[in-house]
Amino acid sequence: MLKTMQKHGVTLAVFAAVLTGLTALVNALTKTTIEEQATKQQKALFDQVIPSDFYDNDLQKSCFVVDAPQLGKGMHRVFIARKGDNAVGAVMETTAPDGYSGAIQLLVGADFSGTVLGTRVTEHHETPGLGDKIETRLSDWILHFAGKVIHGEDDAAFAVKKDGGEFDQFTGATITPRAVVNAVKRAGLYAQTLPAQINGLQACEE
């Protein structure tokens with residue numbers, strides 16, 4: 001009985017070792033491909049929020065992490081766009097904490113003078129058929145931020161129409177678009193402060 005148990009134990013150990021080795025091999029073979037796909041997807045998303053002719057540096061490698069309340073709680077990534085030697089704008093990961101069904105994650109592109117270049121929602125849990133119109137596959141609403149100028153923190157026009165602003169709200173759903181508009185406004189205002197702090201920003205870890 002003891003010899004049989006030992007034999008089975010060795011067999012199981014060898015089987016486990018082989019499986020572990022195969023898993024490690026598959027991971028090593030696919031890691032590069034997965035990383036390449038993630039990089040391509042990120043670049044495609046960047047192209048939606050900042051024109052490719054607006055900058056000439058490798059935007060994905062110009063990554064910094066900031067602790068900025070304007071972008072939401074915690075650390076957020078900011079990608080600095082440059083034209084030649086000059087910093088001209090940024091793509092910012094930002095959070096609208098006050099969506100109807102929780103936080104809404106956004107990507108906002110803006111120059112340093114108050115102009116929003118583009119905005120996309122990257123994650124949300126808003127109500128299907130109502131708040132989910134912030135997605136481009138369902139509505140063009142989010143596209144209307146491109147080219148809008150934020151005239152300071154007290155710019156009343158940069159709000160939903162129900163609050164006296166210029167952005168449409170959704171029928172039966174005002175909380176979601178209001179949250180997005182306010183988050184984009186905060187991000188755009190934060191972008192205007194970046195030129196003064198670029199040299200002190202913390203680079204993203206590789």
Subject >> Working for side-chain contact (heavy atoms from CB on, under 4.5 Å), residues Thr127 and Ser101 >> reply: CA-CA 7 Å; Thr127 307; Ser101 300; 4.0 Å; yes
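- Applying the salt bridge (Lys or Arg N to Asp or Glu O under 4.0 Å) rule to Lys161 yields the partners Asp168; only residues at least two apart in sequence or on another chain are considered.
- Within 6.0 Å of CG in Asn199 there are 12 or fewer heavy atoms belonging to other residues, nucleotides or ligands.
- Within the structure, no pair that satisfies the ring-ring contact (aromatic ring centres under 6.0 Å, His included) test touches residues 84-108, not counting sequence neighbours.
- Hydrophobic clustering (side-chain heavy atoms under 4.5 Å, transitive across Ile, Leu, Val, Met, Phe, Trp, Tyr) groups Leu143 together with Trp141.
- Side-chain atoms of Glu166 and His144 include no donor-acceptor pair closer than 3.5 Å.
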Original post:
Are Gln192 and Phe112 close enough, and set up right, to give a side-chain contact (heavy atoms from CB on, under 4.5 Å), and what steps lead you there?
Top reply: CA-CA 4 Å; Gln192 295 179 54; Phe112 297 142; 5.7 Å; no
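- Rounding to the nearest 0.5 angstrom, the gap separating the SG atom in Cys204 from the NZ atom in Lys61 is 13.5 Å.
- Under the 4.5 Å side-chain contact rule for hydrophobic residues, Leu189 and Val184 share a cluster.
- Taking Ile, Leu, Val, Met, Phe, Trp and Tyr as hydrophobic and joining them when side-chain heavy atoms fall under 4.5 Å apart, one finds Val88 in a cluster with Leu45, Phe46, Val49, Ile50, Phe54, Tyr55, Leu59, Phe79, Val91, Leu107, Leu117.
- The two residues Asp85 and Arg82 have their closest heavy-atom pair at O-NH1, 3.9 Å.
- Between Val181 and Ala159 the shortest heavy-atom distance is CG1-CA, 3.6 Å.
- Shown here for Ile150 and Gly188, the closest heavy-atom pair between the two residues is CD1-CA, 3.7 Å.
- Without hydrogens or angle criteria, Gln169 side chain to Lys162 main chain gives a donor-acceptor distance under 3.5 Å.
- Nearest heavy-atom pair, Leu130 versus Ala173, reported as atom, atom and distance to 0.1 Å: CB-CB, 4.1 Å.
- Note that CD1 of Ile104 is 7.5 Å distant from CG of Asp98, once rounded to the nearest 0.5 Å.
- Judged as a disulfide bond (SG atoms under 2.5 Å apart), not a single pair has a partner in residues 68-105 (not counting sequence neighbours).
- Between Met92 and Ile80, every side-chain heavy-atom pair lies at or beyond the 4.5 Å cut-off.
- Under the 4.5 Å side-chain criterion, counting only non-hydrogen atoms from C-beta, Val108 is not in contact with Phe145.
- Residue Phe158 is tested with Asp155, Asp154, Val160 for a side chain to side chain contact (heavy atoms under 4.5 Å, CB included); the sole match is Asp155.
- To the nearest 0.5 Å, atom CZ of residue Phe167 and atom CG of residue Asn182 are 10.5 Å apart.
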**OP:** Quick one: do Gln60 and Lys43 satisfy side-chain contact (heavy atoms from CB on, under 4.5 Å)? Show the steps, please.
**Re:** CA-CA 7 Å; Gln60 291 169 291; Lys43 177 62 167 62; 3.9 Å; yes
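- For Thr115 (side chain) and Val149 (main-chain N/O), no donor-acceptor pair under 3.5 Å exists by modelled atom type.
- Under the rule for a salt bridge (Lys or Arg N to Asp or Glu O under 4.0 Å), the partners of Arg178 that lie at least two apart in sequence or sit in another chain are Asp163.
- Lys185 places no side-chain N or O within donor-acceptor distance of the main-chain N or O of Val180, the cut-off being under 3.5 Å.
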Output side-chain donor-acceptor pairs under 3.5 Å for residues 63-77, partner residues at least two apart or in another chain, one line each.
residue: His76; atom: ND1; partner: Gly74; partner atom: O; Å: 3.4
residue: His76; atom: NE2; partner: Leu71; partner atom: O; Å: 3.0
residue: His76; atom: NE2; partner: Thr95; partner atom: OG1; Å: 3.1
residue: Arg77; atom: NE; partner: Glu93; partner atom: OE1; Å: 3.4
residue: Arg77; atom: NE; partner: Glu93; partner atom: OE2; Å: 3.0
residue: Arg77; atom: NH2; partner: Glu93; partner atom: OE2; Å: 2.8

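- The nearest pair of heavy atoms linking Ala90 to Leu194 is CB-CD1, 3.7 Å.
- Using modelled atom types and a 3.5 Å distance limit, the side chains of Gln197 and Thr193 yield a donor-acceptor pair.
- Annotation: the span from Thr176 atom OG1 to Glu126 atom CD amounts to 3.5 Å, rounded to 0.5 Å.
- Across Ala96 and Ala183, no two heavy atoms sit closer than the pair CB-CB, 3.6 Å.
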